[in-house]
2 protein chains.
Amino acid sequence: MIETVSPTGPGPQPEPAEEASTRERILDIALELFTEQGYEKTSLRQIAERLGFSKAAIYYHFASKEDILFELHLRVHEFGRGVLSEIDPAEMSPAAWLALLDQLVGQILGHRALFVLHERNRAALDELHRERHDASHEDLDVLFRQVLANPAIAARDRVRLACTLGAVMGALVLTGDVFSDVSSEELGALVKDAARDLLAPGS
Amino acid sequence: MIETVSPTGPGPQPEPAEEASTRERILDIALELFTEQGYEKTSLRQIAERLGFSKAAIYYHFASKEDILFELHLRVHEFGRGVLSEIDPAEMSPAAWLALLDQLVGQILGHRALFVLHERNRAALDELHRERHDASHEDLDVLFRQVLANPAIAARDRVRLACTLGAVMGALVLTGDVFSDVSSEELGALVKDAARDLLAPGS
DNA sequence: GTCTATATAGGGATAGAC
DNA sequence: GTCTATCCCTATATAGAC
C-alpha cells in the first residue's frame, strides 16, 4: 500500500521556502471535485485536466488517488485535534460541551470546505479509516459517537448533544451556500446562541 | 435514457397480488449497500451476489443502475410529499415550522434507512436531480433551501431554522445507530422538544 | 516534473440461450 | 426470470522517454 513514486524519494517534501506547489494545487482541485461530485465519481484525469497536465503527472506527487483523499482527511483531522485537545472525555457538563462546540464552530468557519468534503464523502472516508487504523487516529467523530452512545448518560441528554451537534452542522455544512450573505462572525454567533439554547440546563 | 428491457414490456408491473418480488429484494439490498459503501462504489455484481444470481439478471428488473437509485429516491420523495403537502411556503410562523418539523420527525422515524441513504449519497442524488428535471419534482430539500436563502427573513431566524433542521438530522440520521437503545417514541419526543426550544419565540 | 504508451482490472450494459 | 458470454468503456496505476 505504501510505495515510493520515484527511484530516489517520495516526491517533494514540505520544503522550507515559498512555493504554491503543484501538490497544493492538486489538493485544491481535488477538494473541489471530491466535494461536488463525490470521491468515487471523480477521476484523476479530470483533476489533471483542470490543472492543464496529464493524468500520469499526478503520480509524481501522490502514490495513489486514495492518498489525495487521505491528505485532505488529515487536515480536517488536524483542525479537529485543536478541538479535541481541550476535551476531557470524563467531563460531560453542559458548560464543557458548549465550550467544545464553540471551538468547533470556529474551526468549521475557518475551514468550511474541508468539513463539507468530509460530510459528503462519509462512505469513502469510513473506508479510509478502516484501512489505515495505524496513524494516531483519535477522531472527533469517534469521540462524539462514544459520548452519544454512552448508556451512563440520560437519554434526554444524549439526544440533546446530538441535536446540538446537528444544529452546528445544519447551519454550517449541510446547507450549501445559503448563508453566503451573512458574515462569518454573525453566523458563528447565531449558531452559538442556538447551541446555548439547546444545552441550557433549565430548558 | 429510457428503454424497455424486454421485447414486450418494461418488466413486472406492480401486480395486484401478494409477492415479495425480486424487484423489491433488489431494492432492499441496494438500499443497504448504497448506504454503507456509497452508490458509486457499489457494483451491480455485488448486489446480484447477495441475492444469489448473476449481474445480468438485474437488468430484467431495472433498465440501469441509476434507475435503482431513482426508485429509492422516489420513495423518500413520496414520504417527503406527505410533509410538503401541509406547507404554505408563504406562511413562515414558528408554529407552522414546528408542525412541519414534527411531521418530518415522524416520517424519518418511519423510514429512517431511506433518509440515511439520501444523506450519504448527496452527490449522486444531486446528479440524478439534475438529469431528470422532468418528474413532478418539488423536493423537500429545495423548499428548505428556498426558505433558508430568503433575504426577506431575518438572518437570525434563517439560522435558527437551519439549526432546527440540523438538530433533527443530527439526532435521527447523522448519528448511525447510537440511539438504537432508545424507543422511536421517546427519541421522537426528545427531538421535538429540542426543536421547540430552538424555535421558541422568546428564546 | 511532465509526457506517451501501456498493462490490468472492473464497471455497466446487451444478446441470446434456456 | 435467470443464465453465460461478450462488448465497450473508463478507471487506476506503471514504465520509461524527454
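Distance OH (A:Tyr60) to C1' (C:dG1): 6 Å, rounded to an integer number of Å. In this structure, B:Arg23 atom CZ and D:dT2 atom P are separated by 13 Å, rounded to whole Å. For the pair A:Ile68 CD1 and D:dA11 P, the interatomic distance rounds to 14 Å; values are reported in whole Å. Nucleotide C:dA13 holds its P atom 16 Å from the NE2 atom of B:His61, rounded to whole Å. For the pair B:Phe70 CZ and C:dG12 P, the interatomic distance rounds to 19 Å; values are reported in whole Å. Atom CZ of A:Phe62 is separated from atom P of C:dG1 by 13 Å (rounded to the nearest Å).
Ion pairing between A:Lys192 and A:Asp197 fails under the 4.0 Å rule for side-chain N and carboxylate O. In this structure, B:Glu71 pairs ionically with B:Arg23, as a charged nitrogen and a carboxylate oxygen lie closer than 4.0 Å. We find that B:Glu24 and B:Arg75 are joined by a salt bridge, their nearest charged nitrogen and carboxylate oxygen being less than 4.0 Å apart. Classification of A:Lys41 and B:Glu127 as a salt-bridged pair holds, one side-chain N sitting under 4.0 Å from a carboxylate O.
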Pairs under 3.5 Å (N/O, protein and nucleotides 3-6 of chain D):
from: D:dC3; atom 1: OP1; to: B:Ser54; atom 2: N; distance (Å): 3.3
from: D:dC3; atom 1: OP2; to: B:Ser54; atom 2: N; distance (Å): 2.2

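For the segment residues 38-51 of chain A, residues with any heavy atom less than 4.0 angstrom from an atom of DNA chain D are, sorted by number, A:Thr42, A:Ser43, A:Leu44, A:Arg45.
Closest heavy-atom contact between A:Arg158 and A:Ile153: CD-O, 3.4 Å.
Not a single donor-acceptor pair under 3.5 Å links the side chain of B:Arg122 to the backbone N or O of A:Arg120.
Both tests do not hold together for A:Lys65 against A:Tyr59: distance to the six-membered ring centre under 6.0 Å, angle to the ring axis within 45°.
Every residue meeting the ring-ring contact (aromatic ring centres under 6.0 Å, His included) condition with A:Phe144, not counting sequence neighbours, appears here in chain and number order: A:Trp97.
Residue B:Ile68 forms a side chain to side chain contact (heavy atoms under 4.5 Å, CB included) with just one option from B:Ile29, B:Thr42, B:Leu27, B:Leu31, and that option is B:Leu27.
Side-chain N/O atoms of B:Tyr59 include one lying less than 4.0 angstrom from OP1 or OP2 on C:dA13. A sub-4.0 Å separation between OP1 or OP2 of C:dG1 and a side-chain N or O of A:Thr22 is absent.
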